[in-house]
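Being a predicted model, the structure only gives us computed values, none of them experimental.
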Amino acid sequence: MNEPDNKLISIIIPCKNGEKYLEQTLNGIKKQNMNVEVIVIDDGSTDNTFNIAKSHGCKVIHNDQSKGPVKAKNQGLKIAKGEYIMFHDSDDIMNDGALFLLYNEISENYGIYAVEAKIKDFISPDMPENEKQKTKVKPEPYYGLFTGAILIRKSAFDKIGLFNESVKAGEIIDWQHRMDKHGLKIKKLDIISTNRRLHSNNFGKTSQKTEFKDYAALLRAKLKNKK
């Protein structure tokens with residue numbers, strides 16, 4: 001699968017105190033056997049995140065203080081050299097061969113600016129039993145943006161700009177709205193690319209109130225722009 005003419009793919013991983021799962025995530029990316037550069041944004045970590053990323057040959061940006069995942073994504077974009085971009089969470093695991101399937105689809109379809117696959121939830125084995133009982137797991141695979149499931153032409157960001165840093169979460173809605181506004185097509189593929197780990201410290205759990213607030217603000221702005 002590692003064809004000599006494969007264009008470079010930049011995989012950007014925002015990560016704060018991710019030493020517990022980061023190595024497994026990086027090993028999953030390495031097994032793709034594709035032409036990639038992995039950029040880890042060490043966003044104010046106090047654990048061994050930086051050293052783990054360095055030991056795996058990643059480019060690492062270290063923030064002394066956390067800037068949040070949205071700003072971290074922009075930091076990665078600013079130094080990315082790949083023709084294609086993928087964002088990946090530091091605790092998820094990509095399925096073998098998934099990146100090749102995404103790359104093959106987008107590289108052969110010049111009118112498509114992003115390809116999106118499905119993700120599948122799984123409960124992390126180290127989650128306490130009492131939390132496992134309360135955790136809702138989606139039984140079927142589903143489409144999700146940026147979690148190791150979407151590959152984007154870097155030129156899309158040249159057209160629509162970077163992520164909206166005024167929000168701490170919910171940038172996906174704003175990004176997709178701008179893609180639609182500029183007529184940049186996203187093609188969905190019926191494959192499962194990534195396994196999404198559910199554990200005690202998921203960002204979606206720890207920042208749920210902020211996330212809902214940002215989603216609501218972005219939706220209001222989107223509706224206003226349609227009028």
Side-chain angles (χ1 to χ4, degrees), residues 7-15 36-41 43 61 63 66-90 92 98-99 101-103 105-119 142-191 193-194 196 203-204 207-227:
K7 298 293 193 297
L8 181 66
I9 300 168
S10 298
I11 301 181
I12 299 170
I13 306 178
C15 185
V36 304
E37 63 169 2
V38 181
I39 303 170
V40 174
I41 313 301
D43 194 32
I61 297 176
N63 296 331
S66 177
K67 298 177 183 292
V70 180
K71 289 185 178 181
K73 287 174 183 174
N74 282 344
Q75 285 182 285
L77 279 170
K78 288 174 183 177
I79 69 165
K81 297 187 180 301
E83 188 168 324
Y84 300 97
I85 302 291
M86 172 178 274
F87 298 95
H88 201 297
D89 287 349
S90 63
D92 294 342
L99 188 56
L101 294 174
L102 290 166
Y103 174 84
E105 190 68 34
I106 196 170
S107 63
E108 293 184 355
N109 289 277
Y110 296 103
I112 302 298
Y113 276 82
V115 286
E116 180 186 0
K118 294 178 179 178
I119 57 179
Y142 58 97
Y143 289 105
L145 298 173
F146 303 144
T147 53
I150 184 166
L151 187 63
I152 311 162
R153 293 186 189 276
K154 192 181 182 186
S155 58
F157 294 97
D158 296 332
K159 294 177 181 295
I160 70 173
L162 301 178
F163 291 110
N164 181 359
E165 294 186 358
S166 68
V167 298
K168 292 184 178 180
E171 77 282 2
I172 296 170
I173 293 175
D174 177 67
W175 178 83
Q176 191 162 21
H177 172 61
R178 283 188 283 153
M179 288 284 284
D180 293 341
K181 185 178 179 181
H182 286 78
L184 306 186
K185 295 180 181 178
I186 302 173
K187 182 177 180 179
K188 290 185 176 181
L189 306 182
D190 191 18
I191 62 170
S193 67
T194 302
R196 178 176 177 263
F203 178 77
S207 63
Q208 205 168 57
K209 288 184 179 179
T210 299
E211 188 173 5
F212 288 155
K213 182 180 178 182
D214 287 341
Y215 281 160
L218 288 166
L219 283 170
R220 285 196 298 270
K222 184 176 179 180
L223 290 170
K224 184 179 179 181
N225 288 334
K226 282 186 175 181
K227 292 180 180 179

S.K.: Any idea which heavy atoms bring Leu77 and Ile12 closest together, and the distance?
M.R.: N-CD1, 3.5 Å
S.K.: Tell me, please, which residues at least two apart from Phe87 pass ring-ring contact (aromatic ring centres under 6.0 Å, His included).
M.R.: Phe146, Phe163
S.K.: Heavy atoms only: give me the nearest Ser193-Gly148 pair and the separation to one decimal.
M.R.: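 Smallest interatomic distance, heavy atoms only, reads OG-O, 2.9 Å.
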S.K.: Check whether Gln75 reaches the backbone of Ile41 with its side chain - one donor and one acceptor, N or O, closer than 3.5 Å.
M.R.: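 No, Gln75 side chain to Ile41 backbone: no donor-acceptor pair under 3.5 Å.
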S.K.: What pairs of residues pass the salt bridge (Lys or Arg N to Asp or Glu O under 4.0 Å) test when at least one of them lies in residues 68-78, not counting sequence neighbours?
M.R.: Lys73-Glu171
S.K.: According to side-chain hydrogen bond (donor to acceptor under 3.5 Å, both in side chains), who are the partners of Asp89, at least two apart in sequence or on a separate chain?
M.R.: none
S.K.: So which atom in Ile112 and which in Ile106 form the shortest heavy-atom distance, rounded to 0.1 Å?
M.R.: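 Ile112 and Ile106 have their closest heavy atoms at O-CG1, 4.0 Å.
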S.K.: Could you tell me which residues satisfy side-chain hydrogen bond (donor to acceptor under 3.5 Å, both in side chains) with Ser66, sequence neighbours excluded, listed by chain and number?
M.R.: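 Checked Ser66 against side-chain hydrogen bond (donor to acceptor under 3.5 Å, both in side chains); matches are Asp43.
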S.K.: Going by the side chain to side chain contact (heavy atoms under 4.5 Å, CB included) test, name the single residue among Val38, Val36, Leu99, Ile13 that passes it with Met86.
M.R.: Leu99
S.K.: At what distance, to the nearest 0.5 angstrom, does CD1 of Ile150 lie from CD of Gln176?
M.R.: 7.5 Å
S.K.: Lys159: which residues meet the side-chain contact (heavy atoms from CB on, under 4.5 Å) condition with it, sequence neighbours left out?
M.R.: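 In terms of side-chain contact (heavy atoms from CB on, under 4.5 Å), with neighbours along the sequence ignored, Lys159 is linked to Tyr113, Leu184.
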S.K.: Do Lys185 and Asn109 touch side chain to side chain, with heavy atoms closer than 4.5 Å?
M.R.: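 The answer is no; the side chains never approach within 4.5 Å.
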S.K.: For the NZ atom on Lys154, are there more than 12 heavy atoms of other groups (residues, nucleotides or ligands in this structure) within a distance under 6.0 Å?
M.R.: yes
S.K.: If you look at every heavy atom in Ala149 and Ile119, which pair is closest and at what distance?
M.R.: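 For Ala149 and Ile119, the tightest heavy-atom pair comes out as CB-CG2, 3.4 Å.
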S.K.: If the threshold is 4.0 Å, N to carboxylate O, is there a salt bridge linking Asp174 and Arg178?
M.R.: yes
S.K.: Evaluate the side-chain proximity of Thr194 to Thr147: yes if any heavy-atom separation is below 4.5 Å, no if none is.
M.R.: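 They are not in side-chain contact.
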S.K.: Distance-only, no hydrogens or angles: does the Tyr143 side chain make a donor-acceptor pair with backbone N or O of Leu189 under 3.5 Å?
M.R.: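 Yes, because the side chain of Tyr143 sits within donor-acceptor range (under 3.5 Å) of the backbone of Leu189.
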S.K.: Can you tell me how far apart CD1 (Ile191) and CG (Leu101) are? Round to the nearest 0.5 Å.
M.R.: 4.5 Å
S.K.: List the atom of Pro14, the atom of Ala72, and the distance in Å for their closest heavy-atom pair.
M.R.: CB-CB, 3.8 Å
S.K.: Of all heavy-atom pairs between Ile39 and Gly76, which one has the smallest distance, and what is that distance?
M.R.: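 Nearest pair, atom of Ile39 first, then Gly76: CD1-O, 3.8 Å.
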S.K.: Is there a donor-acceptor pair closer than 3.5 Å between any side-chain N or O of Tyr103 and the backbone N or O of Lys7?
M.R.: yes
S.K.: Suppose the criterion is salt bridge (Lys or Arg N to Asp or Glu O under 4.0 Å): which pairs have a residue in residues 105-118, not counting sequence neighbours?
M.R.: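 The answer is Glu105-Lys187, Lys118-Asp190.
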